[in-house]
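The sequence lines fix the lettering, A, B, ..., with proteins before strands; numbering per chain opens at 1.
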2 protein chains.
Amino acid sequence: MAITGDQERLLYKIAKAYYEDGFTQGQIGKRFGISRIKVSRLLQQARQEKLVQITVISPEDSHADLERELESTYGLDEAVVISPSSAEKPVVTAELGPAAVGCLLRCLQGDGVLSVSWGSTLLSVVDAVPVKHWPDMTVVQVMGGLGRPEAEVHGNDIARRMAQAFGARPRLISAPGIVASKMVRDSLLADPQISDTMALSAKSDVAMVGIGVPVPDSVVMQAGAILAEEVEQLKARGAVGDVALRFFDKDGQPIKHEINDRIIGLDLDQIQRIPRVIGVAGGAEKFEVIRAALRGKFINVLVTDDRIAARLLEKP
Amino acid sequence: MAITGDQERLLYKIAKAYYEDGFTQGQIGKRFGISRIKVSRLLQQARQEKLVQITVISPEDSHADLERELESTYGLDEAVVISPSSAEKPVVTAELGPAAVGCLLRCLQGDGVLSVSWGSTLLSVVDAVPVKHWPDMTVVQVMGGLGRPEAEVHGNDIARRMAQAFGARPRLISAPGIVASKMVRDSLLADPQISDTMALSAKSDVAMVGIGVPVPDSVVMQAGAILAEEVEQLKARGAVGDVALRFFDKDGQPIKHEINDRIIGLDLDQIQRIPRVIGVAGGAEKFEVIRAALRGKFINVLVTDDRIAARLLEKP
DNA sequence: AACGGTATTGTTCATTTGAACGGGCGGTGT
DNA sequence: ACACCGCCCGTTCAAATGAACAATACCGTT
């Protein structure tokens, strides 16, 4: 049905009164002698007919639209895209940190439980955290420490330093992330200290995780936590990378491997149940893992660089 | 405080999600990990900072903006401006009719009480009323009939025809609008038939009135209802015209004159108390009266032509 | 380091708004 | 002419929104 000139004028005046003059629909109805609900419907119509146009100005130098596309394509709660000042891996990693912290600060307001995993990217996140004093907050490890027993630093270290920066309580897992056998793991899990911490982690409000690729020079390998042989087995089964040491293939399907039974840390199901999982990763070599992690829906927030973002949107 | 680039990006994404994707503030808050109220405030900010622009497209060939200016300048509920196809008085009058009917139809929905006054302009309104069948509606005269006793047609006639067109109940005042003396009026008012009708008129939902100028050739004068002498007296006291035979000066101040005591019809106070008084008038010679009627706030809806509208806005 | 002022945050509550439902009107076809 | 169908309207109710208030944290100053 075409709108008559008379109708249109009414629509215009009502829309102006509502959107520009700030009258309520009820007031407008009284003024023009029509019911409130009719004003509501006329406004609907005016929007539908594009007589009312609502424009949101996009900020210049930002990837807001790219982010929105990522969000809708992969069903993310939020995507954050940065433009690294260089494509060098350390630079990219270092610049992801502050962006990730921005996300973190927005949803952590002085309390709650934050789980952190491990990785070189997370190191840069820790470095970017501003000093706070949030004694009601808890930072908990999402998995055991990594590295050889005698140098079991990083896993604990990141959580510890994160807690320190926030002025929060640290809850550390005093056990390695990977142990020699299922039996060892089971006996460690019998320790309430450890199992309670893991239970806490499973119920945390926010998790911040890195996304790893099994390359020979990665810190995980260097640390000797995983043997080259095991990596080959995982790759043979389609693994493209991991979140918190849980490997998955390019479609985000978890890989079955006996190593899973030797890990002290949340599994992918548990991670998915955390309300907000922030994944931080960038750099060309991580493209496939990141895409896989998105497909598997292991994270709801992605912090990455613009090249990855562009590639993630290349083909449906 | 300047908005940082980070803030701005968040504002953008929230505004997009709200205005374009139609998410509620609560949903957005959950997605981005902030409280609902904060989303509300950020949206406020975004509107304030003009990151969100709401544009209402003005219809082409219409006087919508002129009307809006009239509405705000004179505190009207509504102004309707038409472009007569010619400046000839009969043409202007004839074309005001349909516009006035448009207003009328919008707020009368099958029931209620409509008061009508009298005048050549109202005649054209009556002619424009589409046939309806609204038996719950009442059309009542706002004042007695006009014209010499033996040709007491118009006043009654307009109300009667209006009622007929609407398929409504007519409530006519079987008395002249102006009588010879206060005494006569008082005795007529003692008749419940008459006083009840006037009481009904005073409580009507909508009134439609013309706005008159005391020119020698006006129908009022021709009808002999008012003597030329009386018109001169009224003019001498500053009268610029009337609504329902109640005269006022150029500032909308009622004129005191003994004729007021001989009128059978609502006074200006009573008219002002009617929730919606639609004044219909156009043509150059009526400019001053119309402005006066607006100043006196005797009407809340004005239907007029574009020339008058423009002149009404000339100077503050 | 203590203080006060300012800004920002969340809570509560009233208002505003839109969705679902049911009734009535007008138009249409037989 | 009558019945049927679809559209439009208002009512009711739940959801969404914004305002007022109080508490808290953060800032600069003394």
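- Judged by distance alone with a 3.5 Å cut-off, no donor-acceptor contact links the side chain of B:R36 to the base of C:dG10.
- Comparing atom distances between the B:T24 side chain and each of D:dG10, D:dT17, C:dT17 picks out D:dT17 as nearest.
- Nucleotide D:dT17 holds its P atom 14 Å from the CG atom of B:L42, rounded to whole Å.
- A:T138 and A:R169 are linked by a side-chain donor-acceptor pair at a separation below 3.5 angstrom, with hydrogens and angles left out of the test.
- A:K38 has no side-chain polar atom (N or O) that falls below the 4.0 Å cut-off from OP1 or OP2 of D:dC8.
- In this structure, A:Q27 atom CD and C:dT15 atom C1' are separated by 11 Å, rounded to whole Å.
- Within the 4.0 Å cut-off from OP1 or OP2 of D:dG18, at least one side-chain nitrogen or oxygen of B:S40 is found.
- Both cation-pi conditions hold for A:R31 and A:F23: the charged atom is under 6.0 angstrom from the six-membered ring centre and inside a 45 degree cone around its axis.
- Taking side-chain N and O atoms only, A:Q44 has a distance below 4.0 Å to OP1 or OP2 of C:dA19.
- Protein atom CH2 of A:W134 is 13 Å distant from nucleotide atom C1' of C:dT9, rounded to whole Å.
- Close to D:dA16, at under 4.0 Å from its OP1 or OP2, lies no side-chain N or O of B:Y18.
- Side-chain atoms of B:I37 lie closest to C:dT11 of the nucleotides C:dT11, C:dT9, C:dT16.
- Between B:D111 atom CG and D:dC9 atom P the separation is 15 Å, expressed in whole Å.
- In this structure, CZ of A:R47 is placed 9 Å from C1' of C:dG18, rounded to the nearest angstrom.
- Atoms CG (B:L105) and C1' (C:dG26) sit 16 Å apart, rounded to a whole Å.
- A:F23 comes within 4.0 angstrom of nothing in the nucleic acid, heavy atoms only.
- Atoms CD1 (B:I14) and P (D:dT17) sit 13 Å apart, rounded to a whole Å.
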Q | Check against side-chain hydrogen bond (donor to acceptor under 3.5 Å, both in side chains), A:Q141 and A:S201 | A | CA-CA 7 Å; A:Q141 278 181 270; A:S201 176; over 6 Å; no

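- Within a 6.0 Å sphere centred on CD of A:Q164, other residues, nucleotides and ligands contribute 12 heavy atoms or fewer.
- For the pair B:G26 and A:S35, both in contact range of DNA chain D, the more 5′-proximal nearest nucleotide belongs to A:S35.
- By the 6.0 Å contact criterion, CD on B:Q272 is enclosed, its count of non-hydrogen atoms from other residues, nucleotides or ligands being greater than 12.
- Between A:R41 atom CZ and C:dT17 atom C1' the separation is 12 Å, expressed in whole Å.
- Checking the phosphate oxygens (OP1, OP2) of C:dT15, no side-chain nitrogen or oxygen of A:Q25 falls inside 4.0 Å.
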